[in-house]
Amino acid sequence: MAFPDSVRELYQAQLKALQEGGLFKEERFIHSPQAADIEVEFPAGSSLKKVINMCANNYLGLSSHPEVIKAAHEGLETRGFGMSSVRFICGTQDIHKELEKKMTEFLGTEDTILFPSCMDANAGVFEAILTKDDVIISDRLVHASLIDGIRLCSAMHDTFKHSDMEHLEEKLQMYQDKRLRLVVTDGVFSMDGDTAKLDKMVELCEKYNAMLLVDDSHATGFIGKTGRGTHEKYGVMGKIDIITTTFGKALGGATGGCVSGRREIVEMCRQRARPYLFSNTIAPVIIVGILKVLEILSATTERRDKLEKNTEYWRKGLTEAGFILKEGDTPIVPVMLFNARLAQEFSRALYEEGIYAIGFFFPVVPQGQARIRTQISAAHEIHHLDKALEAFIKVGKKFDILHKTKQEIIARYGM
Amino acid sequence: MDELKEIIKNYVIKEYLEPDSDPIDYDTPLISGGIVDSFSMVSLKRFLENKYNIQIPDDQATPEAFDSVNKIADLVRRFVKV
């Protein structure tokens, strides 16, 4: 037997340590489609509970949109279920090329290549375009998938303080001896909900001859006046060399991602990016669904406008109630609790009140920065937000954290 | 006062710590203590190499060797000509 008791016990001890450290993740089973109102089985085996979902990446409420579902049904009939191939053997249908073209138009870039996920896009892009003679300079709060991709590539890697443009400039000056410089940032930072200062970053990259990569996964579809992303918000469309983004959030929320940007970069990915070369093509049914999403978004900005209004309403409500929020104007609204155990208990108490929102704590966020991350959707109606607000206030009173300073909360609950 | 250690400590404070961070001493675990991520140490390595005109081979610039001001100072001393 290749799995003796000693090996089993080794893993059991590691899992026990996670449980004892309060770091063990438990999944909640959802029995309904993704929406503002969902039915959840939690803990496992318990009866179903109807709750309001305040933690989905379903920003535009398109995950279960009837037109998207209808299109996917039709796609299933006309293009089949699977392709049983990677893209370059026999896995490229006309619709894959059509989606790449549509994404290029939507993002205002030169070309686009699809990946099975944005995690895969980020895992593949760096190794495909950089060598040991180059340097990557990334914001210190970029997403884990970018970090993993950077680790897979031989270029030197340095960081700059979060959103600190002076520090970035110092680093760009420091690495003028390198063959290529690539600056890397999230468009919207997933844990804090703030946006990268892309106008300043483009300026610095032009000044110091560096390329710029933006992961816009938490922005594509709704940030900017027509939802093109963070580059639209900052008026730098056409100036971002590489955008990576996902179809797993606002754009229907199913699966898939892409690298979009300079033509040659995209072609290098097509030739060299390993997750593209060695992973299956995206299923046709998904592609057809995403094409419908893009059609809906190109016809009207109604959904992103509603999302913006909902976000303002939610932020205002929480602020007036006396919660401490991370500053920002995106639908990611972190409610700061600082202490990990408090964040977990707060989340459980919210669930009792019919609100589904998760606590985040170290190592996902820095030590002493525990929080409940709420995410607003165009699928939310005002009555959802009012009910959620009522629950937040009730639980906030229970833990006596309303209108308290950070220091007062920490004094009571610890870091 | 050890000048080398002070130089390293001051660089770490300026480069990696936030204004409200806890103070550090020569033995504070920097990487294993979650204060600095191992990637970011690249700039400290480069700073020391330029300042002392040395080359620290990558296989010796490990997270363990960069885990405190004392350990970094020991590493640098192995390469600085006296």
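Small disclaimer: the values here were computed from a predicted structure and weren't measured. Lettering of chains follows the sequences in order, A, B, ..., and the numbering in each one begins at 1.
Using a 4.5 Å cut-off between heavy atoms, B/Y16 contacts chain A through both its backbone and its side chain. Contact of B/L44 with chain A is not made at all, since no heavy-atom distance falls under 4.5 Å. Using a 4.5 Å cut-off between heavy atoms, B/K14 touches chain A through backbone and side chain atoms alike. For a residue to count as touching a neighbouring chain, one of its non-hydrogen atoms must lie under 4.5 Å from one of that chain's; by this rule A/M174 touches chain B with backbone and side chain alike.
Side chains of A/T195 and A/T230: no donor on one and acceptor on the other come within 3.5 Å. Side-chain atoms of A/Q173 and A/Y208 include a donor-acceptor pair closer than 3.5 Å. With hydrogens and angles left out, the side-chain atoms of B/T28 and B/D25 include a donor and acceptor closer than 3.5 Å.
Here the shortest heavy-atom pairing between A/C118 and A/S217 reads SG-OG, 3.4 Å.
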